[in-house]
Structure formats: C-alpha cells, structure tokens
Amino acid sequence: MSLHSLYVDLNSYFASVEQQLRPELRGKPVGVLPVMADTTCCIAASIDAKRFGIKTGTPVWQARKLCKDIVFVQARPATYVEIHHRIVTAVESCTPVGAVLSIDEMTCELMGSDRKEANAVKLGQQIKQAIYDQVGEVLHSSVGIAPNRFLAKTASNMQKPDGLVVIRQNELPQRLYGLKLGALTGIGRAMEPRLNRLGIHSVEQLCAASKNTLRQAWGGIEGERFYARLRGEVVESAPTQRASVGHSHVLAPDLRDPASALAVLYRLLHKAAMRLRHYGYCAGGLGLHLTYLQRGNGPVHWSDQARFSPHADTLKFNPVLAELWQRRLPDPAPLLKVGVTLLHLAEHSQITRDLFDPDDQHETLNSVLDQINQRYGPNTLYFGGAHSGRRAAPMHIAFSHVPELQVESDG
C-alpha cells in the first residue's frame with residue numbers, strides 16, 4: 001500500500017500528434033520545426049527519428065545528415081493544446097488528474113485500493129487504452145507508478161516508448177543506482193557540477209549522501225526535500241509564483257531584416273501583455289533578447305532589460321521596447337530569433353498606483369482590446385507597430401506551460 005503516485009508522460013508528443021492526424025507520416029522519421037527553414041532546429045522528433053539520434057534541439061542540417069529520409073513539418077501549437085485537453089479528459093475517464101505539469105505530462109494521486117500494485121498497474125493500462133480509444137492509436141505514453149510523484153516521474157522515464165514501470169518502496173534506493181544523475185528531475189546542467197564538487201558523481205553516491213550534504217548542494221531546504229523524495233517520502237513542493245511572462249520566435253528568412261524583426265517583437269510584446277493582464281499581474285521590467293545567425297562560429301546572443309514602476313499597460317510597454325531596441329549593438333549578422341519578457345511580476349491587487357499617474361487612462365482601452373481579440377480572434381485589433389509581424393509569431397509551447405487558447409491562440 002506504499003504506492004501513492006501515477007505519472008503519465010506522452011511519448012514524442014508533438015510528432016505523434018502529427019502522425020495521428022496525418023497517417024502518411026506514420027512509421028516515418030519526423031522532425032517538428034518552429035518555422036520551415038534550414039537554419040532552425042527540431043523542437044520535437046518522432047519515435048522513429050529518435051532511433052537515428054535526432055532529438056529536441058537537433059539542427060535541421062544535422063538531422064538530415066543523421067537520417068536522409070527525415071520528414072520535416074511545421075509545428076501547430078493550437079492543435080497540440082486541443083489534443084492535450086482531449087488526453088486529459090481521457091485520463092479523467094479512468095481516474096482524477098491531480099496536476100497537469102506540462103503539455104505532455106500529468107500526475108494522478110492513487111487512492112484507496114488503487115494503491116495496491118496490481119490495481120495500480122491495471123489503472124495504468126486502462127489509462128493507456130483510454131488515450132488510444134478516445135484520442136488516437138498513435139499516441140503512446142509511458143506510465144510510472146511509485147511512492148511519490150518524483151519517483152513516479154523517474155519511473156516513467158525508465159522505459160520509453162510505451163512503458164509501464166513500478167518503483168516499490170522496498171526497492172529503494174538500489175532501484176535508482178543504474179540511473180545517471182541527470183536522469184533525476186531537479187538535477188540539471190548547473191546542479192550536476194555542484195554535486196560533483198561535493199564528491200557525488202553517481203546516483204548511488206547521491207543516495208548515500210547525508211541530508212546536510214544535499215542541503216549544502218541545493219543551498220537550502222530544497223536539498224532536504226530531495227533527500228526525502230529519494231527515500232519515497234511524499235513531500236510537498238515549495239510554493240512558486242510566476243516570475244515572468246514572455247514569448248520568443250524563430251524568424252523566417254524573409255523576416256530577418258531589422259524592420260520586420262522589430263514588428264515581430266511588438267507582436268510578441270502585445271501577446272505577453274495580454275497574458276499578463278489575464279493572469280492578474282503587473283510587470284516592473286522588460287527584457288529584450290536577440291540571436292543573430294553567424295555561420296561557422298555559432299549564433300551570437302544579445303540581451304538587455306529595463307526597470308520601471310509596475311503596470312500592465314501595453315501602451316507604456318511599447319516605448320520601453322523601442323528604447324531597448326535602440327540600445328542594441330550594430331547587427332553583426334541577420335537576426336535568427338527574437339524574444340521579449342515581462343519581468344519582476346507582482347499581483348495587480350498588490351500594486352500601489354503611481355502618485356504621478358493616479359488614473360490608469362489606458363486601462364479601459366487595454367480591456368476592450370483584450371475582450372475583442374479573445375472574442376473575434378487575435379489581431380482583430382492591434383497596435384500599428386506590430387502590423388507587418390502580426391502573422392509571424394504563432395503560439396509557442398514551453399515545457400512547463402500549456403497555453404490557454406482563450407488568450408494565446410493565433411486564430
């Protein structure tokens with residue numbers, strides 16, 4: 001009765017959706033691109049493509065070198081979000097979904113008799129079948145079952161594709177010894193070197209480390225939480241607050257000149273501002289991020305940011321973006337990718353109005369813009385600076401963020 005969590009991880013999700021909707025792609029190596037250009041990289045690869053070593057982040061040229069028969073398709077984020085909601089509904093037909101963690105991952109809390117291993121495994125199989133029956137037979141998933149969410153996610157990664165793995169309390173910690181440090185959630189590129197400096201180079205050494213050692217590695221209480229999770233304890237994560245709202249976009253070849261790139265940036269800014277208001281936040285800073293195409297030596301990155309009194313007014317964000325744009329260095333090469341981020345967020349209800357601007361004269365205008373665009377589709381009304389870029393920045397799905405079609409769809 002020590003099994004508490006069941007984790008569902010869709011395999012090669014974006015590419016699998018494309019294969020589900022386009023039967024001619026099934027059984028073929030598929031790479032999903034943000035924009036159809038040779039200078040971009042895969043944001044997803046099908047199960048068939050992964051067998052050739054192609055994965056998220058593989059450049060188009062390299063993918064072609066690894067597999068001459070690869071088929072590239074352009075991402076359709078709105079479609080992936082719609083299918084995501086259908087998958088959640090399918091899982092809910094078997095058991096309540098406790099938390100949606102990303103576009104292709106969710107977790108369920110095991111209750112009552114479902115905590116018995118035989119019943120938990122049967123539930124995992126039912127969830128897989130429900131996804132096949134209700135959404136599509138190409139949408140494979142890996143299910144992990146364990147004493148806590150952390151270990152259930154670890155289990156879901158141990159057998160891909162189409163796996164179902166159980167980690168039992170009496171198998172801990174030995175069951176984890178065969179994994180690499182980076183295979184554990186919470187140990188990324190920055191954390192692994194910190195562990196190495198403390199003499200931890202393997203999962204076995206990690207499990208043998210003291211609670212104080214892990215507290216030192218994580219710089220606080222999170223190290224103790226990690227220590228407990230490794231041992232199968234159910235530990236609540238620390239509460240988090242949204243830190244930023246932003247969008248980025250890989251530019252198509254015909255939009256890599258400064259004027260077009262700036263128009264796309266305004267489009268990204270206006271999308272971010274609309275999301276900011278939807279979430280009930282104000283921003284106290286704005287960041288601009290540029291990536292230049294530089295063949296041979298790799299891309300060149302440039303970024304800058306500005307601070308201001310917190311607000312959520314698109315008309316006030318526009319001149320800040322213009323100022324940051326003017327600060328950039330002379331363009332060393334054509335622009336490849338642009339991004340804008342609203343920073344230093346605070347809840348709108350907690351913000352004290354500026355004494356020199358007591359009345360937000362644009363609040364009604366912003367509200368009307370948001371309502372019209374949500375009802376009649378994005379870009380029904382927009383600011384002039386975004387005109388030539390209004391069709392160039394489609395919805396983007398980050399690993400930890402499922403877009404809300406109400407405020408982020410592209411029509």
**Request:** Take Ser46 and Lys28 through the side chain to side chain donor-acceptor pair (under 3.5 Å) test and state the conclusion after the steps.
**Result:** CA-CA 8 Å; Ser46 68; Lys28 295 182 180 180; over 6 Å; no
**Message:** Would the distance check show the side chain of Arg194 and the main-chain N or O of Ala190 forming a donor-acceptor pair, the cut-off being under 3.5 Å?
**Reply:** no
**Request:** State, without any angle test, whether Arg256 and Thr39 hold a side-chain donor-acceptor pair at a distance under 3.5 Å.
**Result:** yes
**Request:** Might you point out which heavy atoms bring Ala63 and Thr58 nearest each other, and give the distance in Å?
**Result:** N-CG2, 3.8 Å
**Prompt:** For Phe317 and His270, what are the C-alpha separation, side-chain angles and deciding distance, and is it a ring pair (Phe, Tyr, Trp, His ring centres under 6.0 Å)?
**Reply:** CA-CA 9 Å; Phe317 292 140; His270 299 163; 9.4 Å; no
**Request:** Determine the interplanar angle of the Tyr80 and Phe14 rings, folded into 0 to 90°, and report it as parallel if under 30°, tilted if 30 to 60°, perpendicular if over 60°.
**Result:** parallel
**Message:** Before you tell me yes or no, could you show the steps for Leu33 and Val73 under side-chain contact (heavy atoms from CB on, under 4.5 Å), namely the whole-Å CA-CA distance, both residues' side-chain angles and the distance that decides it to 0.1 Å?
**Reply:** CA-CA 6 Å; Leu33 306 180; Val73 298; over 6 Å; no
**Asked** To the nearest 0.5 Å, how far apart are CG in Asn157 and CG in Leu179?
**Response** 9.0 Å
**Message:** Nearest 0.5 Å, please: how far is OG1 in Thr89 from NE2 in His85?
**Reply:** 8.5 Å
**Prompt:** Under 3.5 Å, is there a donor-acceptor pair between the side chain of Ser16 and the main chain of Asn11?
**Reply:** yes
**Message:** Using modelled atom types and a 3.5 Å cut-off, is there a donor and acceptor pairing between side-chain atoms of Arg275 and backbone atoms of Val245?
**Reply:** no
**Message:** Please determine whether side-chain contact (heavy atoms from CB on, under 4.5 Å) holds for the pair Asp48 and Val30, giving the CA-CA distance in whole Å, both sets of side-chain angles, and the decisive distance to 0.1 Å.
**Reply:** CA-CA 7 Å; Asp48 315 276; Val30 175; 6.0 Å; no
**Message:** Counting C-beta onward and ignoring hydrogens, is there a side-chain heavy-atom pair between His289 and Val338 closer than 4.5 Å?
**Reply:** no
**Item:** Pro258 to Asp331 - nearest heavy-atom pair and separation
**Value:** CG-OD2, 3.4 Å
**Request:** Indicate yes or no for a side-chain donor-acceptor contact from Gln159 to the backbone of Leu164 under 3.5 Å, with no hydrogens or angles considered.
**Result:** yes
**Asked** Step by step, would you call Ser156 with Val143 a side-chain contact (heavy atoms from CB on, under 4.5 Å)?
**Response** CA-CA 5 Å; Ser156 74; Val143 172; over 6 Å; no
**Message:** Determine whether a donor-acceptor pair (N or O, by modelled atom type, separation under 3.5 Å) exists between the side chain of Ser248 and the backbone of Gly339.
**Reply:** no
**Prompt:** For Leu206 and Leu184, what are the C-alpha separation, side-chain angles and deciding distance, and is it a side-chain contact (heavy atoms from CB on, under 4.5 Å)?
**Reply:** CA-CA 11 Å; Leu206 177 70; Leu184 298 178; 3.6 Å; yes
**Asked** Is Thr95 reaching over with its side chain to a backbone N or O of Val91, donor-acceptor style, under 3.5 angstrom?
**Response** no
**Prompt:** Checking Ser93 side chain against Ala90 main chain: does a donor-acceptor pair fall under 3.5 Å?
**Reply:** yes
**Message:** Please determine whether a side-chain nitrogen of the Lys or Arg among Glu24 and Arg22 lies less than 4.0 Å from a carboxylate oxygen of the Asp or Glu.
**Reply:** yes
**Message:** Could you check whether atom NZ of Lys55 has more than 12 heavy atoms from other residues, nucleotides or ligands sitting under 6.0 Å from it?
**Reply:** no
**Prompt:** Any side-chain heavy atom of Arg26 sitting closer than 4.5 Å to one from Gln20?
**Reply:** yes
**Pair Glu224 + Arg215, salt bridge at N-O below 4.0 Å** = yes
**Prompt:** Is the NZ or CZ atom of Arg175 both under 6.0 Å from the centre of the six-membered ring of Tyr177 and within 45° of that ring's axis?
**Reply:** no
**Message:** Show, in sequence, the C-alpha distance, side-chain angles and deciding distance for Glu109 and Ser5, and conclude whether the side chain to side chain donor-acceptor pair (under 3.5 Å) test is met.
**Reply:** CA-CA 5 Å; Glu109 183 180 353; Ser5 294; over 6 Å; no
**Beyond-backbone contact of Ile145 with Ile167, side-chain heavy atoms, under 4.5 angstrom** = no
**NZ (Lys50) with more than 12 external heavy atoms under 6.0 Å** = yes
**Asked** With under 30° as parallel and over 60° as perpendicular, where do the rings of Tyr281 and Tyr279 fit, or are they tilted in between?
**Response** perpendicular
**Message:** Any side-chain to backbone donor/acceptor pair from Arg86 onto Gln134? Under 3.5 Å, distance only.
**Reply:** yes
**Request:** Would you give the length of the straight line joining atom CG of Asn212 to atom CD of Gln216, rounded to the nearest 0.5 angstrom?
**Result:** 9.0 Å
**Message:** Would you say Tyr13 and His84 are linked by a side-chain donor-acceptor pair, where the criterion is simply a distance under 3.5 Å?
**Reply:** no
**Request:** Side-chain contact test, heavy atoms from C-beta onward, threshold under 4.5 Å: evaluate it for Pro334 versus Tyr292 and give yes or no.
**Result:** no
**Asked** Is a side-chain donor or acceptor of Gln205 paired with a backbone partner of His201 at a separation under 3.5 angstrom?
**Response** yes
**Message:** Quick check: do Leu265 and Leu288 have side-chain heavy atoms less than 4.5 Å from each other?
**Reply:** yes
**Request:** State whether Lys128 and Asp162 are salt-bridged, where the test is any N-O pair (Lys NZ or Arg NE/NH1/NH2 against Asp/Glu carboxylate O) under 4.0 Å.
**Result:** yes
**Item:** Spacing of CD belonging to Glu18 relative to CG belonging to Leu25, to within rounding of 0.5 Å
**Value:** 7.0 Å
**Asked** Under a 4.5 Å cut-off applied to non-hydrogen side-chain atoms, are Val203 and Leu181 in contact?
**Response** yes
**Message:** If you define the side chain from C-beta out and look only at heavy atoms, does anything of Leu172 sit under 4.5 Å from Leu230?
**Reply:** no
**Prompt:** Should Glu323 and Arg327 count as an ion pair when the cut-off is N to O under 4.0 Å?
**Reply:** yes
**Spacing of CD1 belonging to Ile54 relative to CZ belonging to Arg64, to within rounding of 0.5 Å** = 10.5 Å
**Exercise: identify the closest heavy-atom pair between Pro147 and His4** = O-CB, 3.2 Å
**Message:** Quick check: closest heavy atoms across Ala209 and Tyr227, and the distance to 0.1 Å?
**Reply:** O-CE1, 3.4 Å
**Prompt:** Looking only at heavy atoms, what is the nearest atom pair of Leu343 and Gly287, with distance?
**Reply:** CD1-N, 3.9 Å
**Message:** With a 4.0 Å cut-off on N to O distance, would you call Glu82 and Arg76 a salt bridge?
**Reply:** no
**Message:** Would the distance check show the side chain of Asn148 and the main-chain N or O of Glu233 forming a donor-acceptor pair, the cut-off being under 3.5 Å?
**Reply:** yes
**Reported CG-to-CG distance for the pair Leu269 and Leu286, which is rounded to 0.5 angstrom** = 5.5 Å
**Asked** Does the distance from a Lys or Arg side-chain N to an Asp or Glu carboxylate O, for Asp114 and Lys122, drop under 4.0 Å?
**Response** no
**Message:** Quick check: closest heavy atoms across Pro161 and Ile47, and the distance to 0.1 Å?
**Reply:** CB-CD1, 3.6 Å
**Asked** Would you say the side chain of Thr107 lies within less than 4.5 Å of the side chain of Arg149, judging by non-hydrogen atoms?
**Response** yes
**Item:** SB check Glu192 Lys180 (cutoff 4.0 Å)
**Value:** no
**The single option from Asp313, Thr314, Leu342 passing side chain to side chain contact (heavy atoms under 4.5 Å, CB included) against Leu276** = Leu342
